[in-house]
Amino acid sequence: MEVLIYPTYEAMSAAAAEEIARIVRAKPDAVLGLATGSTPLGLYAELIRMHTEQGLDFSKATSFNLDEYVGLRPDHDQSYRYFMNENLFKHINIPAERTHVPDGMADDPVAACAEYERMIADAGGIDVQILGIGSDGHIAFNEPGSSLASRTRVKTLAKQTIEDNARFFETIDDVPVYAITMGVGTILEARQLILLANKASKAGPVAAAIEGPVTSMNTASALQLHPHATAYLDSAAAEKLKMRAYYDWIQTKKPGAPTSR
Ligand code: PGA
């Protein structure tokens, strides 16, 4: 896994946004895998800025989000559909009908999961998937113990995740217990993965994901199995990495490395 460490959250977000912009410029009809949470907000703000100031064009792009709470309507202010509309979609020119978030209100959630997988396949697969990491090492809602071969499905949230997310709800009892989430296997099929992490509270799960064994106890560690995965970290989230000096060394030497171009 490539590990890129930046001094600040802003620098981390700008670098990841630059990579997404590069992909969208090279392939205007790119299929973008998107994530919610506080971590990607800086990246989305930067994409909005690039769209507004530089005309970065999303008019041919398609998107698929990782997950959605079961039981929250799309207009609920804590639904992930609402989050994406507010924090990205309404500020760029991606056609609304090509933005996909799992349907947390589906009458048949199991069928909705299979349908979501089919829609991703029909779109040609995901070109680049953005990921955050939970304090328990989850990617999307793939909590510890999730099969590394899992597909989109209904998942019961871990108590830790419910506690982490309670800050967004009036009481902890309002946090949904179930979610529809892409599986680890679904995520690993994206052609490129971008893991974002900032803050010292993520340093433990980040170190386990990057330098620990591949294990379903930290589903982000499955990124080690992917041929094109990059972790974008701020220095606080990188502080428990044992090989930090090595990652910094690689980053300084990369511009001079031989390439095929
Ligand atoms: P956060 O959540 O970005 O709000 O820290 C990340 C996650 O739980 O995946």
Side-chain angles (χ1 to χ4, degrees), residues 6 8-10 12-13 15-17 20 33-47 64-70 72 77-84 86-88 101-102 104 126 128-146 148 150 152-153 155-169 172 174-184 186-188 190 193-210 216-223 229-240:
Y6 298 90
T8 63
Y9 173 70
E10 289 70 26
M12 176 200 91
S13 301
I20 300 291
L34 303 177
T36 52
S38 49
T39 310
L41 284 173
L43 159 64
Y44 294 153
E46 186 61 13
L47 290 178
F64 287 91
N65 262 77
L66 288 168
D67 45 17
E68 177 62 283
Y69 290 118
V70 169
L72 295 194
D77 66 1
Q78 291 307 323
S79 78
Y80 287 171
R81 161 56 76 178
Y82 184 89
F83 177 102
M84 290 309 302
E86 292 302 309
N87 291 299
L88 184 63
V101 179
I126 292 170
V128 59
Q129 176 67 59
I130 297 162
L131 299 161
I133 181 170
S135 60
D136 62 3
H138 69 208
I139 45 173
F141 276 129
N142 293 288
E143 304 287 28
S146 293
L148 300 186
S150 52
T152 303
R153 68 205 183 292
K155 193 81 186 82
T156 308
L157 305 191
K159 281 189 177 161
Q160 176 70 56
T161 301
I162 291 174
E163 282 164 22
D164 287 351
N165 292 359
R167 66 190 195 276
F168 300 117
F169 292 83
I172 195 163
D174 295 327
V175 185
V177 174
Y178 305 102
I180 292 178
T181 181
M182 280 190 208
V184 181
T186 318
I187 291 167
L188 290 179
L193 301 179
I194 288 180
L195 178 74
L196 297 168
N198 66 304
K199 295 196 186 138
S201 59
K202 298 292 174 67
V206 162
I210 295 173
S216 65
M217 291 299 113
N218 175 312
T219 53
S221 68
L223 269 64
T230 305
Y232 288 76
L233 310 174
D234 77 348
S235 52
E239 70 187 9
K240 291 197 175 157

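All values reported here derive from a predicted model rather than from experimental measurement. Whatever order the structure lists ligands and atoms in, that order sets their numbers, starting from 1.
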[atom] - nearest protein heavy atom and its distance:
atom	value
atom 3 (O) of ligand 1	Thr39 OG1, 2.5 Å
atom 9 (O) of ligand 1	His138 NE2, 3.3 Å
atom 6 (C) of ligand 1	Ile133 O, 3.5 Å
atom 5 (O) of ligand 1	Lys202 NZ, 2.6 Å

For the pair [X] (side chain) and [Y] (backbone), establish whether a donor and an acceptor sit closer than 3.5 Å, ignoring hydrogens and angles.
X	Y	result
Gln129	Ala190	no
Glu68	Ile180	no
Thr219	Asn142	yes

Parallel, tilted or perpendicular: which fits the ring planes of Tyr80 and Tyr69, with parallel below 30° and perpendicular above 60°?
-> tilted

Evaluate the ring planes of Tyr6 and Tyr232, with Trp represented by its six-membered ring, and classify them as parallel (under 30°), tilted (30 to 60°) or perpendicular (over 60°).
-> parallel

Gly37 heavy atoms within 4.0 Å reach ligand 1 at atoms 3 (O), 4 (O)

Considering the heavy atoms of Arg167, write down every atom of ligand 1 situated less than 4.0 Å from one of them.
-> 4 (O)

Is there a donor-acceptor contact under 3.5 Å linking the side chains of Arg153 and Ser146?
-> yes

Judged by non-hydrogen atoms, does Lys199 sit under 4.0 Å from ligand 1?
-> no

